Amino acid sequence: MKMLTRQALVACLLLSGCASAPNAPTLTLQTRKAPADYAHCVLPKLQSDSLQATVSETQRSYRIVVSSKVAADDVLEAYKDKASNGGKVFLYERALLASTFGPSPLERAAQECL
């Protein structure tokens with residue numbers, strides 16, 4: 001009986017990372033930096049944490065994708081705000097286990113570069 005309870009608990013924990021809607025950001029931030037400047041700040045921080053990131057850009061945004069071997073890729077998008085010089089940042093993390101111990105390296109880099 002205890003083994004079944006443990007297995008159910010592990011299954012719930014593994015699925016907790018999938019509970020958020022796939023298109024809903026896990027974090028939304030406002031920055032005074034242009035998307036290019038913001039991306040140039042975030043990338044070295046990710047590299048110092050040994051994370052491999054892929055960057056793509058459009059006229060109004062930068063997208064940084066951090067690949068994961070066990071979960072869906074984490075995405076950080078910085079968009080130019082039409083009304084100001086800064087922009088909005090959207091973080092999409094799909095970690096297997098929701099961390100209660102602190103922010104992930106991607107979230108920490110996103111916060112530090114505001």
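Owing to the predicted nature of the structure, the values given are computational and were not obtained by experimental measurement.
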Can you find a heavy atom in the side chain of [X] that is under 4.5 Å from one in the side chain of [Y]?
{"X": "Gln111", "Y": "Leu27", "result": "yes"}
{"X": "Ser67", "Y": "Asp73", "result": "yes"}
{"X": "Thr31", "Y": "Cys113", "result": "no"}
{"X": "Glu93", "Y": "Ser104", "result": "yes"}
{"X": "Val55", "Y": "Arg63", "result": "no"}

**Prompt:** Is the side chain of Arg60 donor-acceptor paired with the backbone N or O of Lys80 at a distance under 3.5 Å, no angle test?
**Reply:**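 A pair under 3.5 Å: yes.
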**Request:** Flag yes if more than 12 heavy atoms outside Arg32 fall under 6.0 Å of its CZ atom; otherwise flag no.
**Result:** no
**Asked** Is Lys88 atom NZ crowded by more than 12 heavy atoms from other residues, nucleotides or ligands, each under 6.0 Å away?
**Response** no
Can you hop from [X] to [Y] via hydrophobic side chains spaced under 4.5 Å?
{"X": "Leu51", "Y": "Val75", "result": "no"}
{"X": "Leu106", "Y": "Leu29", "result": "yes"}
{"X": "Tyr92", "Y": "Val89", "result": "no"}
{"X": "Val66", "Y": "Leu43", "result": "yes"}
{"X": "Tyr62", "Y": "Val65", "result": "no"}

**Request:** Not counting sequence neighbours, which residues clear side chain to side chain donor-acceptor pair (under 3.5 Å) with Thr58? List them please.
**Result:** Ser61
**Where at least one partner belongs to residues 33-55, residue pairs that pass side chain to side chain donor-acceptor pair (under 3.5 Å), sequence neighbours excluded** =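 Checked against side chain to side chain donor-acceptor pair (under 3.5 Å) - neighbours excluded - the pairs reaching residues 33-55 are Lys45-Glu112.
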**Asked** Between CG of Leu91 and CG of Leu76, what distance do you get to the nearest 0.5 Å?
**Response**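 Reported to 0.5 Å precision, the distance equals 5.5 Å.
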**Fill in**
d(Glu107 CD, Thr26 OG1) to nearest 0.5 Å is 7.0 Å
**Request:** Considering non-hydrogen atoms only, spot the tightest contact between Ser68 and Ala72 and give its length.
**Result:**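 The answer is CB-O, 3.8 Å.
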**Complete:** For Ala109 and Leu46, the nearest pair of non-hydrogen atoms, with its separation, is CB-CD2, 4.1 Å
